[in-house]
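Structure first, then comments.
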Amino acid sequence: MKTMTTREMQDLIIEEKKKRDICILAHAYQSHDIWEVADYIGDSYGLSKEAAKAPQKTILMCGVRFMAETCKILSPNKRVFLANPMAGCPMAMQMNREQALHLKKENPGLPLVAYINTTASLKTVCDVVVTSSSAVKIIQNMPEKEMLFVPDCNLGGWINEQVPDKKLHLIQGGCPTHMRMSANEVRIAKAQHPNALLLVHPECLKEVVDQADYVGSTTGIMKYAESSDAKEFIIGTESSIVEHLQFSCPEKRFYLLSKQCVCHNMKMTTLPDVLRAVEGKSPEEILLPDETIRDARKCIDRMIELGG
Ligand code: 13P
Ligand code: SF4
C-alpha cells in the first residue's frame with residue numbers, strides 16, 4: 001500500500017473542503033501541516049469571531065473541545081465538527097456548572113467572569129467570558145469594580161495587575177501545560193541566550209510572567225516576534241509556536257523556554273484526522289441542547305461586545 005505524502009493529503013483536504021463547503025478553523029497551537037490547509041488560524045478570541053462570520057455551512061475545528069463548542073454556540077445553524085474528539089482542554093474540566101452556581105450563591109452581587117477555556121454548560125451561568133487577548137479590555141469595560149474569575153488563577157492574577165482599579169477574586173485552577181514552566185528555566189534560558197527577548201502566555205506562573213518582555217495570547221506572541229527588531233526570542237508557550245515562528249521569520253532564532261511546554265491535547269489532532277473529517281468519516285459533530293446554546297451565547301456575545 002502506498003503511503004500518502006503530506007502534500008498529497010493536503011491537496012485532497014483542500015479539494016474535499018471546497019466540494020463540501022467546509023470551513024477549517026485551526027487554533028494557533030495546531031501543527032504547521034494543519035495550518036496550511038486551514039481557512040483561518042487564530043487565538044481563542046479570533047476563532048470565536050471567525051466562527052460567527054464564516055460563510056460555509058460546516059465548520060471543522062482543529063483545536064480542543066471548548067473551541068468547537070464556542071463555534072456551535074455562535075453558529076447554531078451550522079454543523080460543527082471537532083477533528084479529533086479526544087482533544088479536550090484539562091483546564092476546562094476544572095470547574096463545572098454546579099460549582100459555578102454555588103460560587104455565585106456564596107458571593108451575591110459579584111458578576112462571574114469565566115475564561116473561554118470552560119465548558120458550554122458552565123458558560124450558561126456566567127456573566128461574561130474573556131480570552132487571553134481580550135481580557136484586559138473587557139475587564140476595563142465592565143461597569144462593576146469587583147468580580148469572580150474562574151478558573152485560571154495565573155491569567156486572573158495577571159489581569160489584576162494590568163487593571164489595578166478592578167478586583168478579580170480568583171477561584172480554582174490553571175493550565176497544566178503552562179504551569180510546568182519555572183523561574184529556574186527562565187534563568188537558564190536567559191543565561192544561554194542573553195540577547196533574546198522573553199515572550200510568554202499569561203497562563204504561565206507569575207514567577208515566569210514577571211520576567212517577560214512581552215505577555216500575550218498565542219497570536220499576540222507571534223505578532224510581537226514578527227514585528228520586533230530583535231533577532232532572538234525565548235518562547236514561553238506551547239512548543240508549536242516556535243515551529244510556526246521559524247516558518248514566518250526564518251532569519252530570526254526562537255528557543256522554547258521549556259521542553260515541558262507541550263499540550264498533549266492540542267497535539268492530538270493530526271492531518272489524517274482532518275482528512276477523515278472533511279471526507280465525512282468519524283469526526284464528532286458537536287450537538288448542544290437549545291437552552292445551552294441560548295444561555296451560553298449571552299456571555300460570549302457580551303465578550304465580543306466589550307472586547308471590540
Ligand atoms: P489563546 O487564546 O492565547 O489562543 O489561548 C488558548 C489556550 O488554550 C492557551 O493555552
Ligand atoms: Fe488547555 Fe493549557 Fe492546552 Fe491551552 S495549553 S488547551 S489551556 S491545557
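All ligand and atom numbering here is 1-based and tracks the order in the structure.
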(message) What I want to check is whether the side chains of Thr219 and Asp43 have a donor and an acceptor closer together than 3.5 Å.
(response) yes
(message) Among all protein heavy atoms in this structure, tell me which lies nearest to atom 3 (Fe) of ligand 2, with the distance rounded to 0.1 Å.
(response) Cys263 SG, 2.4 Å
(request) For Ser217, take its heavy atoms, then give the atoms of ligand 1 lying under 4.0 Å from any of them. (result) 3 (O)
(message) With heavy-atom distances below 4.0 Å as the criterion, list the atoms of ligand 1 near Tyr29.
(response) 7 (C), 9 (C), 10 (O)
(request) Just need the protein heavy atom nearest to atom 1 (Fe) of ligand 2, so name the residue and atom and give the distance. (result) Cys89 SG, 2.4 Å
(request) Number the atoms of ligand 2 from 1 as they appear, then name those within less than 4.0 Å of a heavy atom of Glu203, with their elements. (result) 2 (Fe), 7 (S)
(message) To the nearest 0.5 Å, what is the distance between CZ on Arg276 and CG on Leu60?
(response) 12.0 Å
(message) Contact between ligand 2 and Asn265 is defined here as a heavy atom of the residue under 4.0 Å from a ligand atom; is it met?
(response) no
(request) Could you tell me which atoms of ligand 2, counted from 1 in the order shown, lie closer than 4.0 angstrom to a heavy atom of Cys175? (result) 2 (Fe), 5 (S), 7 (S), 8 (S)
(message) So is Ser132 touching ligand 1 or not, going by heavy atoms under 4.0 Å?
(response) yes
(message) I need the atoms of ligand 2 closer than 4.0 Å to a non-hydrogen atom of Tyr29, numbered in the order shown.
(response) 5 (S)
(message) Can you tell me if Met91 contacts ligand 1 (heavy atom of the residue under 4.0 Å from the ligand)?
(response) no
(request) Go through ligand 2 atom by atom and flag the ones less than 4.0 Å from a non-hydrogen atom of Met91. (result) 7 (S)
(message) I want to know if ligand 1 touches Thr218 in the polar sense, i.e. an N/O pair below 3.5 angstrom.
(response) yes
(message) Just to check, does His27 reach to within less than 4.0 Å of ligand 1 when the distance is taken from its heavy atoms?
(response) yes
(message) Any nitrogen or oxygen of Ser44 lying under 3.5 Å from a nitrogen or oxygen in ligand 1? Just yes or no.
(response) yes
(request) Could you tell me which atoms of ligand 2, counted from 1 in the order shown, lie closer than 4.0 angstrom to a heavy atom of Pro90? (result) 8 (S)
(message) I'd like to check which ligand 1 atoms, numbered from 1 as shown, lie under 4.0 Å from a non-hydrogen atom of Asn117.
(response) 7 (C), 8 (O)
(request) Note the single closest protein heavy atom to atom 5 (O) of ligand 1, along with its residue, its atom name and the distance in Å. (result) His201 NE2, 3.4 Å
(request) Check Asp273, Thr270, Asn265 against Asn84 for a side-chain hydrogen bond (donor to acceptor under 3.5 Å, both in side chains) and give me the one that passes. (result) Asp273
